[in-house]
Each structure stands twice: as structure tokens, then as C-alpha cells.
Amino acid sequence: MKRLLRSVAVGALGLLATAGAVGATTSLPDQPAGLTSSAVAMLSFFAGASSGNNRFGEVLATTGSRWVLDTPEGIATNGGILTALTGSRVTTAMLPSQLLRFTPLARADALGPFSPDFFGGAAVPAPSALSTDASTTALLVTGDRLAVESEHGTWSVRSVAAAAAVAKACGGSLSAVALVRPDRIFDGSILGHSCSGPTWTPFTTAQGQPIAVTGLGHAPSIRLLRLVATPTGALALVQTPTRGLVVLTYSPGIWSVAATLDAHPGAVRATAIGPRGQVAALVVDHGTERVVRTGSMAPFACPGVWSAVAYTPSGILDLFSVVNHPAHQVPSLVTVASLSGNHLRVTQQLGIDVPYGSSS
Amino acid sequence: MTGMGGGGLETGNALITDAFGTLMLHQLLVVFSLLLIGSLVWMLLGPKFPSAADLPAEPRGRAILRYGLGVLWILDAYLQTQASMPLGLPDGVLRPSAATSPSWVQHLVNHGALIWERQPIHTAVAVIWIQLGIGVWLLVAKRGWMSRLGAMASIAWALSIWSVGTGFGAIFASGSSLLFGSPGSSFVYAIASVFLVVPMTTWSSERFTIRSVKILGGFFVAMGILQAWPGRGTWSGFDRHHQPAGQIVAMATTMAQTPQPHAVSSIVSSFATFAGNAPVLVNALFVVAMVVTGVGLLVASKRSLKVALITGLVFCAVTWIFVEDLGFFGGVGTDPNTMPVLALLLVGLVLGVTRRPTGMPGGEQVREGLGGLVAIVFGSVSALIVLLGAIPLAQASVSTAVEPLLAQAINTPPQTVNFAGLPFTLTDQRGHTVTSTSLKGKVVALTFLDPVCVNDCPTIAREMAATDTLLGADAKRVALVAISANPTYRSVAVGKAFTEENGLGGKANWYFLTGDLPQLQRLWAFYDVQTSNSPAGAMTSHNDITYLLDAHGTVRLVFASTPGDTGILHASYSAFLAEQLWNLW
């Protein structure tokens, strides 16, 4: 069977909708849900909304260079979607919305059909609240709890109140989880949150034990944008007022600075983490959008309004422009452009019918 | 106009207006019966009852007030018969009347609106009888305690309307003005009724009648000063874009847009144009009219009262026609606004002074008692008509029960059917096997729900839980059954999660059933449920439909069950479902 490379796009509309205040503020918007793997890429975008309560999200997948709509069926995405990917296995979690109080899940291998599942509580509406590894799924849920599904499909829920207390002392709340290989100080899950002081401990174990961060200096605040597991540990993208966008990597027991992106103090509209740990971000700096990424560190001028980025498995950076139509049944238009070197080229356009949730 | 708080019901909904008309006619028969009985009693007792010819004549001012108020109440009752009343009054009249008032006033009025919305048909009909009863009561009971009791009823009802129905006539709102109806017609009804409650002999008191006109004079002067007060927009007309900027022109422009005969709207519209172009002149005339009327009443000489009467009546007529637009158009007009009753009060009190009876002996109560046979008999009949409305209204105000018909008004009417249900073997949320046979012996409400739906399905499930509560002890004779309507998310576990999510976990008679897809598809096809998965993050689409099966497993009733978008409509669905389940036993 021909090897299929699959990329997954994750919609988390409200999150990017917040980011719509381009250049108006230096505060960071929440970032789209993400996934990481050595074999896949990611995309986040906002597919449209019928009202302020709806944050429809979509999943895009690609075979080769063409992206196709691959949102799980049979379930409303009014609340947005979280996605995690391990190898070629995609896990999506539909955030609760309106009267739905629990979290439907959908899983698929490669381009296969999604199989439905659910978790009986409400996932935290944050981009990195879902994490997977080869056999386990972890979901950060409301009420300062962490749900972990074993390979047998059994969910166990435990309190992470101690970690939540650390987050609260730091002026934040738990917003991210990453499943990593257990080491000498913790049992396999790292929890993360943003910090605005007075303490400065953005990462803890599930038991609330802070994990040290080196090389970042003492920042007055830190905004956790992404936290993802990698084959060698974990990777986080944070923003601080003094250092801008910083990529942190985790090796057992400690976080350290891996790269700094030339992107401060602009607002971040989207982020991407590539198959080899590359990180890219779409930032707005004094009203100008540009893409910054690890490796070249060079800013790229982006004509038009672009709101999402992704790495394809081949390592090419894709940019997505999503035009949202508020009217019923009008498709959102997604324009895909590939960025290779300094060259930006429109490669595809997708029309996506804006979904409306009524079942009647 | 959308009624019921935008809940999906139009004010002209045929089902509701038909039910309103039917209930009104049924109760009209009761009213006629009461009048007939009263007439028979009057004919039988008339020859034996002492004549009232020797009793003192009613003072002219009081008679004017009594007859006028009686006619006004009957006119208000007639306005309440408009078909738009049941669904249109809360959002067309009640809530707007308090829209610019403080939040506590809005809260009070909203409470009244919710009472109306829960039982719109019965409440609307109840108000008709209360107002008709008071009107007839005032007309037939000339004197004595029956007359005064009628006036007391008039005060009580007028103050109820004034507070809960009009938000105290918007007196707490900014920009209130006599021209626009402040302090509220119902408040003036109440004041006018007070003069009918006082003993008739009081009307022969010079002190009482003079003081009364002086108080009214003070009111006119105060309203005139308020009208003249700068900074309230009363002296403004059109702005530079020829848009209404002043109070008078804005009010007249708004009123001209009310649905009404063209001739009337064109008169009001012309006045609005005139007032917009000459705002100072128009407002000055109104101010002068109010002040002249007030001063004339305060002076209280024969000549000044005559001037006050003429000026005041002209002021009331002009305001009523050109600014208040006669007050009762638009389909939900409840009364002719403040000016007619204010004019009535003015005439009654001025006549109270100028035609004051002299030499009326004291002890009216002793001499007149209840007021003569007509007052006793027809006053009693009127009181019963008032009770015909007051009792159900009182019940509605203390009950949270919702009219079951509302849910049907947003759906198609239920259809009576008669066919055997499709046999099935499915699994409930507890993991137990449930078959169509195992449900026999119970009345079954059967619907189709998507366990991961975000709106309608959870709402319907919660309505089922409410139905179970309404059924009380009888719930054990009922099975509330939902069959999964999602071809993808249909596991037992997700059905259990849905059950818990919607508060049905503790209901022994609740079954969320699922099974293999072919069997579900057979059931969907049999029960005409169209399900399909839509792309792009839309939930599974399916129609909202409910079947009722009798204890033998025969399908007896089918109805669409779109739940609507207000709590009242949801509660109505529960009430309707409970009612239909009871009917099947």
C-alpha cells in the first residue's frame, strides 16, 4: 500500500477568533490545538460561526500536497476541536458546547474512518489540553482533573489539585498536558500553564512538583502557547515580554531553551510545530503579519490576511487564509499557500460549508 | 410581531388565537347565564322590594365619573378581546412599558409578563371578565355599598395594572410626560375610582370638592412645569438630518407608525411634521394649556373652573388625537391611554364643585344600605363576572404550570394514529436488554435522540424528565423511551453519559436505547425518522418526533416535538406530554 502522508488540521475557532485583533494588542491570544509527531504536520483554523456561542472547528488532512476536509462526522464541533497525533494515529476531542457537557472523541489511523468514543467530563478549552502517545490518551478536564485512558480503553480520572494550586499561585490555570516517557521525577505527564507572577513555575508534574526551566532568565510573565510531546521528550512554545517567542525542550527533569524566534513583542495568531521539532509562528508586529520560524529565523512578508500555519510532512511550511462567512450555509474559503525558502505560492483553495448545529 | 420573548411563536398563531376565541365564547355563555339569572331575580323580587325613588339623587360629578369609568372599563375589556393579546401583550405592551424604568421596575413587570406567558390564553380571557365585570358593576350600582365596592374593585385592579402591567406608568423612567401618558392611565383610573369610594354625602361637602379640584389643578401645573423644564427634549424638533430629536415629534412619529387606519396615521404624521418644524410653538402651547388648566382649577372660582374645563378638555383632546394617537391601535392596545380618563376626572371634579348637591342628609349608608335592588342584584352579578376572571388569574399568578397548547403551537398539531409498534430488542443505558414486549403494560412516550447533540436533544430529554416529575406517582405506569438517532455515536456508554448529563440518571422509567446499526435503521425507517451525518462538524441531522404508544404497544399519537427556545415553551412541552400520557390510560 502506498504510504500516505497525513497531515491534520485542527480547528479551534474561538481561539483564533480571539486572535483576530491583529496588532491591536501585545497580549497573546490563545492558540489553536496542536499535535506533534515525527511523521505529521498540523494546521489550525477557524471555520466560521453562527453565533457567539459557536466555535466550529475543522480537521484538514492531506495526501501529498493536497489538503482535504477530514472533520469527524456525527458530532457537532460548535465548541471547537482538540487534536493530538501520534505517528499516523489522530485523536480528536470535540469540546463541549451549549447543552453538551461531556467530550466526544474520534480516532482514526492514516486516512481510515474515525471511530467514535467519548470521555464523560468536559475538556479544558485550551489548545494543548489533549495529548497522546502510542497507547495512552491524556485529557485535561475541568475541575482540576486529569483523565488518562489506558490502552484497554479504560479512563481513570485523578485530581491534579496540587498542580492547579501551583498554577493559581503563578496567576494562571492549568491549560496544557503532554504525555512523555516516565522518568525519575514524574510519572509520565507534564502539566503546563501561563504565569504572571509572583512565582514563576509554568511546568509541573501531575503531583504539583515544579519542573525547572533554565536559560530563560527571570521573566515578569510567561505565556504558554503550546505544549506537545515529542519522541525525545516534550517541546513548549512560550512568549515572554523580554525574550519574545522561545522554544523550550524537555529532557528528563529539566526544561531548557532550544531556540528563540524573532517575534517580540507582536501578537501571535498561529503556531506550528513540524515533524522534526521545527517551530513556526504567524505573528503580527506593528500591524504587519509575518511568519517566523526556527532554523532560518528570517521574517517572511505575507500578503493578505493569513491566520494559520502548518508544516507538511515534507517540511514545507503551509499558510492558510480562512475567510469566514457568518451567513448560514455559506462556505468558508480556505486558501493554502506553501512557503519554501522565501517564496510564497498559493497551492489550493477549499470551500467548506459552515456547519450549523441544529439536529432538527 | 414576535411574541413570547422571541420564543418562536407569532402573535397571530392560529392555534392560540382559536383557543383564545373558543375559551372566551365558552365563558361568555357563563356571563350571559349570570346576567339571565340576575334578571330573573330582579323581576321576581322587584315588586316586593322598596322603591329607590325616595333615595337622594346621585351628585352629577359622581355620576359622570361612575358612568365614564364604567364605559372605559368595558371598552378596555373589549380591547382585551383582540386576537393578538394572548401572545402579543408581554413583548408588545408589558415589557416595553418598563424598558426605560429602573431594573427593579423591569423585574416586577417581567414577573407579570411571565405569569401571562405561562398561561396566555386563560390569563387573557380572565382580564376580559375582570374589566367587563368592573365596568358593568360601576354602571349598574348607582349608590350604596354595592357601588362603593365596585369602585374598590376598580381601584384594586387599576393599581394592579399600573404596577405590574405598566411599570408604574413609567413615572420612574427618564423623560416621562403627561403628553405620553405618564403617570399612567390605570393610575388615573384608580384616582377617579377613589372619588366613587367616598360616601356620597361627601360630594355635598364644599371643602371636599374644592380641595379635589385644587389637587387636580396642582397636578396640571406640575405637569406643565415638567413639560417646560429645559434639557428634557421637549423644546426640540427635527435634527439637521430631519430625524426626530425632540420628545413630542418622536412620540408622534412613533405613534404614526402603529398599524391603524390611514386617515388616523396621516393626521398624526402631519402633526409630527408640524411639531418637528415648530417645536417651540407646539410645546409652548401644551405648557400654556396645562398651566392655564391647573391655575384655573387652583383658583376654583366659577369662572376659572369654566376656563379650566374648556382648556383642559381641548388639551386632552388634542393630546389624545395627535400625540397619543387614540391609544388603542396596533392590535395590543389595552386602553385609550391617559387623556380620556383624565378628561373624565376633570369634568367629574369640576361638576362636583359647580353642581354640588345641597342639603343632602348625612347617614347615606344607613339610608341607602346596599344601594337598592338593581345595585344588589346586578352588582352581585358583576362581582361574579369579576371573580370569573380573578380566580383563574390568581391561580395563574401563584402557579408555575404552563399552558400545554404552547408547545403544540410551534409544532404541527398531533395526529391520532392506530398501528402496532415495530418489535425491537435493544440495550438501555444500564446495559440491560429492553424489548418492545417488555414495555407492554406501560404507556410509552417514544422519541429519537442524538446522545452527542448540543441543543434540541438534551432539551427534549430534560422535558421528559420534567414530564416524569409532572406525572408524579403515575410515572410508574409510563416508560419514557429515547432511541439513539446517531448512526456513529450510539454506544451504550454514550447513552449513559447523555442520560446523566440531562438529569435522567435516577429515573427508573427512562430508557435510552441503542443497538446494532441495521436494527436502528429499521426503527428509524419505520418511525419516519430521517438521520444523516453531515460533513464539516455539523451534528447528525434528524427530525424531532415523538410517538405515544398505549399499554398494548399500539401507536396512538404522533407529534413533532421541536422544543422551542424559551423555558416556557419547554415547560409547555412537558405539560403537553404529561397530559397526553394521562389521556392514554
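Lettering of chains follows the sequences in order, A, B, ..., and the numbering in each one begins at 1. Every heavy atom of this structure was used, including side-chain atoms; hydrogens, water molecules and symmetry mates were not.
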Using side-chain contact (heavy atoms from CB on, under 4.5 Å) as the criterion, point out the one residue from P72(A), P116(A), P113(A) that pairs with T488(B).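 That would be P116(A).
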Just to verify, which of L99(A), T77(A), L100(A), I75(A) counts as forming a side-chain contact (heavy atoms from CB on, under 4.5 Å) with V454(B)? L100(A)
Heavy-atom neighbours of R462(B) CZ exceed 12 at 6.0 Å: yes
Under 6.0 Å from the NZ atom of K507(B), do we count more than 12 heavy atoms belonging to anything else shown? yes
Kindly give the heavy-atom pair with the smallest separation between G74(A) and Y489(B), and that separation in Å.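 For G74(A) versus Y489(B), the nearest heavy atoms are O-CD1, 3.5 Å.
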Heavy-atom nearest pair, F498(B) first then F102(A), reads N-CE2, 3.8 Å
Side chain, backbone, both or neither: which part of R490(B) has a non-hydrogen atom closer than 4.5 Å to chain A?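 When you check distances to chain A, no heavy atom of R490(B) falls under 4.5 Å.
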With a 4.5 angstrom heavy-atom cut-off, which part of A560(B) approaches chain A: side chain, backbone, both or neither? neither
Between S115(A), G120(A), P104(A), which has the largest tally of heavy atom pairs under 4.5 Å with chain B?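 Greatest number of close heavy-atom pairs with chain B: P104(A).
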Count the heavy-atom pairs under 4.5 Å between each of S491(B), S532(B), A485(B), A493(B) and chain A, then report the option with the highest count.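 The residue among S491(B), S532(B), A485(B), A493(B) with the greatest pair count is A493(B).
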